[in-house]
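Only heavy atoms go into these numbers, but all of them, side chains included; no hydrogens, no water, no symmetry mates. Here is how names work: the chains are called A, B, and so on, in the same order as the sequence lines, proteins then strands, and each is numbered from 1. Note that the structure is predicted; figures quoted are calculated from it, not measured.
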Amino acid sequence: MRYWLLKSEPDVFSFEMLCARGCEPWNGVRNYQARNFLRAMRQGDLALFYHSNTSPSGVAGLARIVREAYPDDLQFDPQSPYYDPKSAGGEPRWSMVDIAPVQALPRFVPLDELRRLPELADCAVINRGNRLSVLPVTFAEWEAVLQAGGLDPARLGEPVEVA
DNA sequence: GCCAACGTTGGC
DNA sequence: GCCAACGTTGGC
């Protein structure tokens with residue numbers, strides 16, 4: 001089991017939209033390092049869903065990898081902004097995975113709070129200028145974010161009790 | 001909306 | 001293969 005962080009601009013695709021869809025291909029990644037991380041994902045891996053370029057930015061919820069990397073179809077579509085003419089005919093160079101929502105964090109964890117978590121001192125997401133949209137997080141980082149968000153990592157997946 | 005940081009492109 | 005120019009990301 002590995003843990004990841006996925007960035008998305010909520011105006012484009014938010015965690016709430018993922019919850020409404022149920023399952024979604026994570027496509028349009030056009031950075032080689034991020035693509036390699038997508039290819040390293042395994043079914044059942046968990047991810048922090050991070051809202052970027054918004055106010056405030058931060059972790060909104062949790063998602064699960066439900067299908068491992070397969071060719072991103074947008075790279076073949078000349079109408080798509082993610083079209084890549086270099087992929088036509090040859091080996092597809094861009095991949096996507098499918099993700100599904102696990103649950104929203106009871107408390108949204110904004111970036112300034114992430115920065116104050118000692119466990120996240122080495123996590124790239126807290127650094128200004130970091131542009132990687134898919135990145136691995138350690139279990140310690142994962143745990144710290146869940147706790148900050150009001151979840152007990154050990155109880156993840158159990159039904160949320162309604163008061 | 002500004003601009004720093006960073007990745008990519010392309011001239012040489 | 002260097003590196004300046006450019007485009008994009010994303011915090012502020």
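- When each of Asn53(A) and Gln33(A) is assigned the nucleotide of DNA chain B with its nearest heavy atom, Asn53(A) is the one assigned upstream, toward the 5' end.
- Among the atoms of the strands shown, only primed sugar atoms or phosphate atoms (P, OP1, OP2) are found under 4.0 Å from some heavy atom of Arg115(A).
- One finds the CG atom of Asp77(A) at 12.5 Å from the OG atom of Ser87(A) (value rounded to the nearest 0.5 Å).
- Applying the salt bridge (charged side-chain N to carboxylate O under 4.0 Å, His left out) rule to pairs touching residues 23-33 of chain A yields Arg21(A)-Glu24(A), Arg30(A)-Asp72(A), sequence neighbours excluded.
- Nucleotides of DNA chain C that come within less than 4.0 Å of any heavy atom of chain A span, from the 5' end to the 3' end, dG7(C) to dC12(C).
- There is no path of hydrophobic side-chain contacts, each under 4.5 Å, that joins Met96(A) to Phe37(A).
- Where Arg30(A) and Arg128(A) meet DNA chain B, the nucleotide closest to each residue was compared, and Arg128(A) sits on the side nearer the 5' end.
- Between the Ser57(A) side chain and the Leu111(A) main chain, no donor and acceptor come within less than 3.5 Å of each other.
- The distance from atom CH2 of Trp94(A) to atom CG of Asn31(A), rounded to the nearest 0.5 Å, is 7.0 Å.
- Residue contacts for Asn127(A): at a heavy-atom cut-off of 4.0 Å it reaches no nucleic acid atom on any strand shown.
- Ring pair Phe49(A)/Trp26(A) is perpendicular by interplanar angle, where above 60° counts as perpendicular and below 30° as parallel.
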